[in-house]
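Remember, it's 1-based here, ligands and their atoms both numbered in the order they're listed. Atom set for the values below is all heavy atoms of this structure, side chains included, hydrogens, waters and symmetry mates excluded.
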Amino acid sequence: MTNNTPKGNNWPDGFIWGSATAAAQVEGAAAEDGKEDSVWDAFAHTPGNVLNGDTPAIAVDHYHRMPADVALMKELGLDSYRFSTSWARVRPGGRTTNAKGLDFYSRLVDELLEAGILPWLTLYHWDLPQALEEAGGWANRDTAYRFVDYANDVYAALGDRVQHWTTFNEPFCSSLLGYGSGVHAPGRQEPRAAIAAVHHQHLAHGLAVNELRSRGAQHVGITLNLSNSIPRDPADPVDLEAARLFDSLQNRIFLDPILRGAYPADSLRDLEPFGLSEVIRPGDLEIISAPIDFLGVNHYHDDQISGHPDTSGADGHSGGSGRKAPSCWIGAEHISFPSRGLPRTAMDWEVNPDGLRKLLVRLGKEYPSLPPLYITENGAAYDDVVASDGSVPDIERKQFILDHIAAVGQAIDAGADVRGYFVWSLLDNFEWSWGYERRFGIVRVDYETQLRTIKDSGLAYSRLIADSRSRDADSDRANAAAPVA
Ligand code: PNW
């Protein structure tokens, strides 16, 4: 047996191996079959917002190449495909249903099921209909109720075939980067609106969980991007305070309302000047803390935090346009991210696989009501080189993925209840404000021809999946052969 599987023992029964994308990053067909602009279409049209003036208009043309892309997933041996539906395709102006938009997802789901691939659906991966942004966007409480209308439309069309429902992907980004630093759509730089957006996305999540469950959904959850907060000098109170602030804004203001039914007391105090307590209405936290069936964890990097000025390293939270943006660290604008001298990806994010193990173990320790975990995104951007034979020997990405999978295995050995891993991303795609300049795919896309080529990282991931299956089969055989006591 080859030694491609980094986890020495078996992966838990039924462990899901998958890969992920998001609608605005792969679909293209931005104005087809009734789709109207999302905030990302509108944002990308303003020069200076996205690197090189790139837009999601064509992306990797997945809207037209969907059957071939599903065939590629089958070839890779994926158990599951995590994708998102586009609100602006399903309810273009935010207020009426577009049957043609839903039809695309219905065909996608059928194609996946036909290929034996489990559809893992995310309702919100950042593409709010621009019409709803013009009505106030996530700073407007009404948007939460419009989200439930949208969730209902998608459930009505796909609820008979899709079992796994994720409400939001990384509300951190679509609130604090979208409305705080403005490096993400809609590009607003209004701290109070950003904090209102956090709360209204929480509310939308809770309302949708209750709604989907009442309609019979069995597996409903949310995906958060979580990151360890590592004080530069644990003996320095200035660094400790900065690490507390980072942890509050990156992790706890998202985890606690959902898993504990309350914002952390320190976050409430810190965010008082930005109006957090003003947007919370009686009963909201009860809705927001509706029990979930799984927590999706997206993890790319962790951060060393200091309260002292630092000029040594980029913080990895800026957008691609290079324009000077205000901080997304609302009320904590002074915090810095000093380098630990670790290798970095093309996103300038430090590589530290053990951080993923630590994060998963921490979650289990700190949140007694933690549901099962899935790694819903993990991966890396590197500058790929195409070899003369057409192959893509992306050694660094391959190593990154294998090392992080090994870290997940170690977390499971240490007791973390992790049930699946989705690599980000299936395909090179529209990397938000970095446009097409940053490639995360395990499959290369030639943006001229739309040709897909499985990179070496994709081949390695595929082998790992096959190995873990043959191990399952081996142990099934061993169990079957064992005499019954
Ligand atoms: C995630 N940060 O975004 C998203 O869910 C994906 O759509 C995206 O392509 C992927 O990670 C890679 O970036 C993030 O500033 C964007 O730390 C920004 C940050 C983290 C995650």
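- With respect to the salt-bridge test (charged N to carboxylate O, under 4.0 angstrom), the residues D239 and R244 do not qualify.
- Residues F172 and W329 bring their aromatic ring centres within 6.0 Å.
- Under a cut-off of 6.0 angstrom, the local environment of CD1 in I58 is sparse, with at most 12 non-hydrogen atoms contributed by other residues, nucleotides or ligands.
- A salt bridge does not link D348 with R438: none of the charged nitrogens is closer than 4.0 Å to a carboxylate oxygen.
- Counting the atoms of ligand 1 from 1 in the order shown, those under 4.0 Å from a heavy atom of H301 are 17 (O).
- Relative to atom 20 (C) of ligand 1, the option among W349, F440, W434 with the closest non-hydrogen atom is W349.
- Set against the non-hydrogen atoms of H125, the atoms of ligand 1 under 4.0 Å away are 4 (C), 5 (O), 6 (C), 7 (O).
- Applying side-chain hydrogen bond (donor to acceptor under 3.5 Å, both in side chains) to R89 and the options E27, E36, E32 leaves one that passes, E27.
- Neither the backbone nor the side chain of R438 comes within 4.0 Å of ligand 1, counting heavy atoms alone.
- When atom types are taken as modelled, the side chain of Y436 and the backbone of T55 share a donor-acceptor pair closer than 3.5 angstrom.
- At a heavy-atom cutoff of 4.0 Å, ligand 1 is contacted by no atom of N429, backbone or side chain.
- By the 3.5 Å distance cut-off applied to N or O atoms, N225 is not counted among the residues near ligand 1.
- Within the structure, the closest approach of W432 to ligand 1 falls below 4.0 Å when heavy atoms are considered.
- For E431, a nitrogen or oxygen atom sits less than 3.5 Å from a nitrogen or oxygen atom of ligand 1, counting backbone and side chain alike.
- One finds no salt bridge joining R444 and D394 here, because no Lys/Arg side-chain nitrogen approaches an Asp/Glu carboxylate oxygen to under 4.0 Å.
- For Y300, a nitrogen or oxygen atom sits less than 3.5 Å from a nitrogen or oxygen atom of ligand 1, counting backbone and side chain alike.
- With ligand atoms numbered from 1 in the order given, ligand 1 contributes 5 (O) to contacts under 4.0 Å with heavy atoms of N169.
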